[in-house]
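Per chain, numbering begins at 1; letters A, B, ... match sequence-line order. Just the heavy atoms: all of them, side chains too, but no hydrogens, waters or symmetry mates, feed the values below.
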Amino acid sequence: MSASTNTKSRPVCLPGRAMRALDRKMLRDLWGMRGQALAIVFVILSGVATYVSMTSVMDSLQQTLSNYYEEYRFADGFATVRRAPELLLERIREIPGIGTVETRVVSRVNLKIEGFGEPVSGTLVSVPEGDQPVLNRIFIREGRLVQPGRENEVVLNEPFAEAHGLKPGDSITAIMNGRYRELSIVGIGLSPEFLMQVDPASIFPDPMRYGVMWMGRSSLEAAYDMDGAFNDITFTLAPGAGIDDVIDRIDQILRPYGGQGAFGREDQQSHFFITEEFRQLERTATILPLIFLGVAAFLLNIVISRLISLQREQIAVLKAFGYRTFDVGVHYGKLVLIIVITGAAAGTLLGFWLGVKLGDLYLRYYRFPYLEFVLEPPVMITAAALTIGAALIGVAQAVRRAVKLPPAEAMRPAPPAVYRVTLVERLGIQRFFSQPSRMIMRDLERRPLKALLTILGISSACAILIMGLFFSDSFDYVIRVQFGLAQREDVTVTFTDPTSTAAIYELKSLPGVIHAEPFRTVPAELRHGHLSFQTGIEGIPQDPRLRRLIDIDLKPVSIPPEGLLITERLARILDVGPGDEVIVEVQEGRRYTKSVPVAGIIRQFVGVAAYMDMDAANRLAGLGQAVSGAFLMIDRAFEREITDSLTERPRVTGIAFQDRMIGAFRDTIAQTMLTYTLILSLFAGVITFGVVYNSARIMLSERDRELASLRVLGFTKGEVRYILLGELAVMILLSIPLGLVLGALASAGFARSLQTDVYQLPFILGKGTLVQASLIVLGASAASAMLVSMMLNKLDLIGVLKTRE
Amino acid sequence: MKREVVFRTRGLTKVYSMGEVQVHALRGIDLELYAGELVVLLGASGSGKSTLVNILGGLDTATAGEVFYRDMNLTQAGDRELTDYRRRHVGFVFQFYNLIPSLTALENVAIVTEIAQNPITPEQALDLVDLSDRKDSFPAQLSGGQQQRVAIARAIAKQPGVLLCDEPTGALDSKTGVIVLEALERVNRELGTTTVIITHNAVQAEMADRIIYLSDGRVIDVRVNEHKKSARMLTW
């Protein structure tokens, strides 16, 4: 039988052996490296889960918001007025561009709740009896709408009802127009208009101390002497109409009746908060997960490259027997794909579950009736594509490197690695270092790039941790500055209308009030060119003791006697600088329009504000010396009496205790932040573990012969462990400070990107956070080092020496 | 009778780097190998035997000179052509077996037959080397001699035109070495495969049709073996 004659051969694939030998090799190699593969799977899983959960929760919230607004007919615009006749409705309906219009009676009230001794305020909004309002409809969670002929029935906003455990059948006392009324709760509901239920005097929701209620129109009309009249309208726009023209026309019509300026949905308090929050969320949901995925992909690349280079000889044999470079690439590509797809699939599932949980968390904060959780295919595809793409790039590069050598050279044992004398030897201080220590240093110096990549991997995990943990430091700082230095009052009292300064003396005379400091808020529209912004100019007395202006460098800022002092963000919105003139259109009283100079710019944590000397603000409003409210410093022993006394005063519309506000703030923000921090810490820990474990395992594979030789020569397990793990320890110790610096830089950039109009987040990094991040990295590293250490004990001393060098 | 030339080299030269050292492995080799013959390349360590065989097998590239396999110029072939050449025409047996550790004996043979154009079955190949009863064993479960026989089965399963063996008994004791050489002898005899065996062991040269002596990268002598012995009769 000669080579040239064709032997009649049987088909290659025999029955019972369907899988190719190369695929069997792949599966067995995968099983052989299962520890490392699992570590990589967890790294990918972390990256993908973070991305999928945050992105899908963001998509879900936005989708839910959009559908909720549509389904429950959230208005496009709103306007308040002192008192206007119902007849005006026809004129308003004739405005070009306007769609549906609905008039309402709305009133702020103080409430008394049995068993709750603190001041509670609320807003009563009128609804047609026995029917839903045309706009801003109510989702009834429990109970029913108010019925005709039942004048004391109310529907309560759900968060408020939940906070106090109120249900249909319970009652609540309101002080309406100076008179106590017992209101009967018939339903619990939600409305898109009050998605975020925030007291106008506050900046964060506090459902314990502020609630919204819906009451029959005729009851409210009767209570506030508004028969045949209204003090609030909501409207939609006709398709294609612009909001500005409609607002101008409405303002013209309502001005004689004390119109306070119509505004669009963008400026509606709840919507404004929601959109700001969503914008911030979107940035967080985009930046953080992509960083995670990037780190996971980068790690994957390094680990796969090193794994493939360890198989250099086997690759050479395959090439020797005629496997093409492409075949080799496909072989390792399959191995890597199994790992990556497992990680991506598991990460997607976990991400979905996490997303649902995060959604539930957000539901407590954003009061939708339901959350439509969506996981869009593009989200899953992006996550999978990123990780698979990175993995395959890594495989291609590694295989190309491995096949660059002719097979003969690759099968030849690698020449002894080139080592050189290290820095310590060049400095002449080697006598202070043992031989094993010098081995560690030489190995580090021999392949500095490899060491650098490992250090970068671990420091990335550390940096991610910092990005998650710094939030609490920043928020703590803002609270300390804002409420410790700037806002030092115990109580903020708000009046229904600008009131004479005599009210301050009355407040000062209350038992337990140590100091009362007036403030004046003038609602106005600020204009500069085509740019405008609606806000309340805060009039502050000279030399305030309680409510001071503090900039972000913690320096007190004095209020100029004339002109506006505006925050940096507002200056950017209006495109003005010091010395520029701003047109101020006052929206109360005589409604003057004046040109006012910008006296200065202040940098604060609170996002958008305009300040003026109180006397100057009063001159601007043209109502004489008036106050809008007061800041009080009180003796806590008299808290109850002061609350009762203030609650009964008909001109007092809001009583806010600062410590409760801080508490509410912490409750809402802290909950979400804590969850994010936990997730990020866990995943960063997984990534650290993955990097360290894989690095250690690969080092062990690369050097097992060398280490076994040392054991044969008489080195103890501990000494050999020192050589292997010592190198790793040096890299970990170097990576922590690098990671802290990288994390600080990334977090500073991140904090800057999270600015909203409500507040700016300063970048603050506490020592505790640095320690915490370092400890997590060290802990994860120690755990993986311990695992690898156990493998050292299983070194086959004889077997390794039998194979050739 | 004009014999069919399978390999022809002209001025074949190879210089390679070992770390920081330059090694002149081959210094202008002129050689011809014929179809069906069993050739032993004999020389001391460092004489250039492995380098020559690696270049003949398309595992390595020459620094200068030419190599032809039949009418194919190997020195001008790119990686893809060399890979195809090895896939179709060359079987290798290495000193340290180079089996894939995660595959069984049968699978180590199958990994080659699955990409060959006209192979025999892996079972047939193992049968040729008397290892059918160990087909499901992993390399770690086989002795050195058994591993080498699996490597031979792997090399011949594709029915290659040439079989290149680099010190096939170098890691084995003499008794096992004889068994391995017998397998090679049988393949050469029954399949007619041109077989090249590298060795530094002069005794093994006695089984060859021709012996080519190499020293310091040069061919110093080529002898026809008038008294060819069978592998079974060799002792060292």
query = Looking at CG of B:Leu99 and CD of A:Gln314, how far apart are the two atoms once the value is rounded to the nearest 0.5 Å?
reply = 10.5 Å
key: Under 4.5 Å from a heavy atom of chain B, the part of A:Phe326 involved   = neither
query = For A:Leu318, is it the side chain, the backbone, both, or neither that has a heavy atom closer than 4.5 Å to a heavy atom of chain B?
reply = side chain
query = Is B:Phe138 close to A:Arg28 at the side-chain level, that is, under 4.5 Å between some pair of heavy atoms?
reply = yes
request  = Kindly give the heavy-atom pair with the smallest separation between A:Ala320 and B:Phe94, and that separation in Å.
outcome  = CB-CZ, 4.2 Å
Whether over 12 other heavy atoms sit under 6.0 Å from A:Arg34 CZ = yes
message = Quick check on side-chain contact (heavy atoms from CB on, under 4.5 Å): which of A:Asp29, A:Leu30, A:Leu27 does B:Ser102 satisfy it with?
response = A:Asp29
ask   = Does anything in residues 83-90 of chain B get under 4.5 Å of chain A by heavy atoms, and if so which residues?
value = B:Thr83, B:Asp84, B:Arg86, B:Arg87
request  = Check the surroundings of atom CZ in A:Phe42: do more than 12 heavy atoms from other residues, nucleotides or ligands lie under 6.0 Å from it?
outcome  = no
inquiry  = Rounded at 0.5 Å granularity, tell me how far CZ in A:Arg324 sits from CD1 in B:Ile115.
reply    = 8.0 Å
key: Side chain to side chain, B:Glu114 and A:Asp23, heavy atoms closer than 4.5 Å   = no
ask   = Would one find more than 12 heavy atoms of other residues, nucleotides or ligands at under 6.0 Å from atom CG of B:Asp71?
value = no
query = Between OG1 of B:Thr113 and CZ of A:Arg20, what distance do you get to the nearest 0.5 Å?
reply = 10.0 Å
query = Could you give the distance from NE2 (A:His331) to CD1 (B:Ile111), rounded to the nearest 0.5 Å?
reply = 7.0 Å
inquiry  = Please rank B:Val162, B:Val21, B:Ile100, B:Val112 by heavy-atom pairs under 4.5 Å with chain A and give me the top one.
reply    = B:Ile100
